[in-house]
S.K.: 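Starting off with a structure, shown below.
Values below: every heavy atom of this structure, side chains too, minus hydrogens, waters and symmetry copies.
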Amino acid sequence: MNKQDLSPIVFSSGCRLVVPVMGSTGGSGRSTVADLLAERMAAAGAATVVLDTAPRLSSPWPSWTVGQQAGGLAALPPDRPLTRSRVRHAAAVRSDGGGPDRHVLTDGRDWHSPPLVLPDDPAAWLQLAAIGGWQCVVADTPHPVAHDVLESRCAGRIGRTRAWYELPYAVPVLCASATAGGVQALQQAVMALHADGMPLRRTVVALVAQTDGRLPAVVRAGATMLSARTAAVVHLPHDPHIRSHGLRTVSRLRTRTRQAAGLLCREVLAAARASWGTPLPDAPRPAPSAVVAPS
């Protein structure tokens, strides 16, 4: 990608852009979108971290960072204060073909290790990223959006989706497969977000193609409708390398895939600038979050 494709990000050390990547259903390409977005954010000049909030055995991130000496999430003691050096040491590094590095906080232990208790509260994850000093925080979140919104409303509590939306300087990315079923699930999620009063004008939609060729008419029609209700709709084309090898190396992706990732990055930044101006104001210091001790 040409350097002109991404303007430099003007972030002070106190700025923090939060990008929770959420899915309308499983299989929406959420982790792929999160990784491509993080790579482009790092290329644009932001110190970037990916927060893997999914349980280890349902997450691709441990395999994408295998073989590193990083301590991972298990190396962060839940009952003692953390330092920046400790948090940074726990993070793995994603780097492809001499491209920009971005960090990943994931549970990289062996598959047979006991499950790690991860916090549900997005504020706890934000606090972790703030301690680490990253400027762009991309969170790969596993919960299905529409179900979470409905369940939390019926229970009279704040759900994960709203908690991510309410973090300072958050621009959510909502993912769906570019199929009739994927768009239907996406439209239901958008209706649920709208009914719950979520700020859709700073929500970016990523439609992930499953095959080459022209998108189905129902997908194109759905994208047109969603463009009027959200900050932007970005199409991520099918890439055979991702289908065959996952995202072990971004450098081998098609040029159009990287261009689409760059467009997604620009739309996220545009939504942030439209909401809070340029440069992004300093993020408030997160309040201490309750510690969840391992069972």
S.K.: To check you understand the geometry: which heavy-atom pair defines the closest contact between A223 and V233, and what is its length?
M.R.: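 Looking at all heavy atoms of both residues, the closest pair is O-CG2, 3.8 Å.
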
S.K.: Please determine whether a side-chain nitrogen of the Lys or Arg among R94 and D101 lies less than 4.0 Å from a carboxylate oxygen of the Asp or Glu.
M.R.: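 Judged by the 4.0 Å cut-off on N to carboxylate O distance, R94 and D101 do not form a salt bridge.
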
S.K.: Any side-chain to backbone donor/acceptor pair from T224 onto R220? Under 3.5 Å, distance only.
M.R.: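 Judged by distance alone, yes, a pair lies under 3.5 Å.
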
S.K.: Quick check: does any side chain N or O of D148 sit under 3.5 Å from a backbone N or O of T161, one acting as donor and the other as acceptor?
M.R.: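 Flag set: sc D148 to bb T161 pair under 3.5 Å.
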
S.K.: So, for R109 and S113, which heavy atoms are closest and what is the spacing to 0.1 Å?
M.R.: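 Looks like CB-OG, 3.6 Å.
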
S.K.: How long is the span from the OG1 atom in T83 to the CD1 atom in I131, to the nearest 0.5 Å?
M.R.: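 That separation rounds to 8.5 Å.
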
S.K.: Can you name the closest pair of heavy atoms from H238 and A209 and give their distance?
M.R.: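 Smallest interatomic distance, heavy atoms only, reads N-CB, 3.5 Å.
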
S.K.: Determine, stepwise, if the pair R16 / D282 fulfils salt bridge (charged side-chain N to carboxylate O under 4.0 Å, His left out).
M.R.: CA-CA 7 Å; R16 192 165 300 105; D282 284 358; over 6 Å; no

S.K.: What are the two closest heavy atoms between A260 and V234, and how far apart are they?
M.R.: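 Scanning both residues completely, I find the closest heavy atoms to be O-CG1, 3.8 Å.
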
S.K.: With no hydrogens and no angle check, is any side-chain donor or acceptor of R153 less than 3.5 Å from a backbone partner on A195?
M.R.: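 Confirmed, R153 side chain pairs with A195 backbone.
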
S.K.: Quick check: does any side chain N or O of Q68 sit under 3.5 Å from a backbone N or O of V93, one acting as donor and the other as acceptor?
M.R.: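 Yes: the side chain of Q68 pairs with the backbone of V93.
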
S.K.: Does the distance from a Lys or Arg side-chain N to an Asp or Glu carboxylate O, for R254 and D212, drop under 4.0 Å?
M.R.: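 A salt bridge is present here (some side-chain N lies under 4.0 Å from a carboxylate O).
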
S.K.: Checking side-chain contact (heavy atoms from CB on, under 4.5 Å) between V33 and each of L236, V138, D140, which is the one that passes?
M.R.: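 Between V33 and the candidates, side-chain contact (heavy atoms from CB on, under 4.5 Å) is satisfied uniquely by L236.
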
S.K.: So, applying side-chain contact (heavy atoms from CB on, under 4.5 Å) with L269, which one of R266, E267, R273 is it?
M.R.: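 Exactly one option meets the side-chain contact (heavy atoms from CB on, under 4.5 Å) with L269, and it is R273.
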
S.K.: Is there a donor-acceptor pair under 3.5 Å between the side chain of R202 and the backbone N or O of A170?
M.R.: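 Yes, R202 side chain to A170 backbone: donor-acceptor pair under 3.5 Å.
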
S.K.: Relative to each other, are the rings of W276 and Y169 parallel, tilted or perpendicular (30° and 60° limits)?
M.R.: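 Answer is perpendicular, since the angle exceeds 60°.
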
S.K.: Give a yes or no answer on whether the side chain of R56 reaches the backbone of W111 with a donor-acceptor pair at less than 3.5 Å.
M.R.: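 Yes; judged by distance alone, with no hydrogens or angles, the pair exists.
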
S.K.: Can you tell me if S28 uses its side chain to pair, donor with acceptor, with the backbone of T25 under 3.5 Å?
M.R.: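 Indeed, once roles are kept as given, a pair shorter than 3.5 Å links the two residues.
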
S.K.: Would you indicate whether R157, at its atom CZ, is surrounded by more than 12 heavy atoms from other residues, nucleotides or ligands within a distance under 6.0 Å?
M.R.: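 Atom CZ in R157 is packed in, count exceeds 12.
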
S.K.: So with a 6.0 Å cut-off around CG of L57, is the heavy-atom count from everything else above 12?
M.R.: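 Result for CG/L57: enclosed.
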
S.K.: Of all the heavy-atom pairs spanning V87 and L76, show the shortest one and how long it is.
M.R.: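 V87 and L76 have their closest heavy atoms at CA-CD2, 4.0 Å.
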
S.K.: Could you walk me through whether V204 and L174 pass the side chain to side chain contact (heavy atoms under 4.5 Å, CB included) check?
M.R.: CA-CA 6 Å; V204 177; L174 186 58; over 6 Å; no

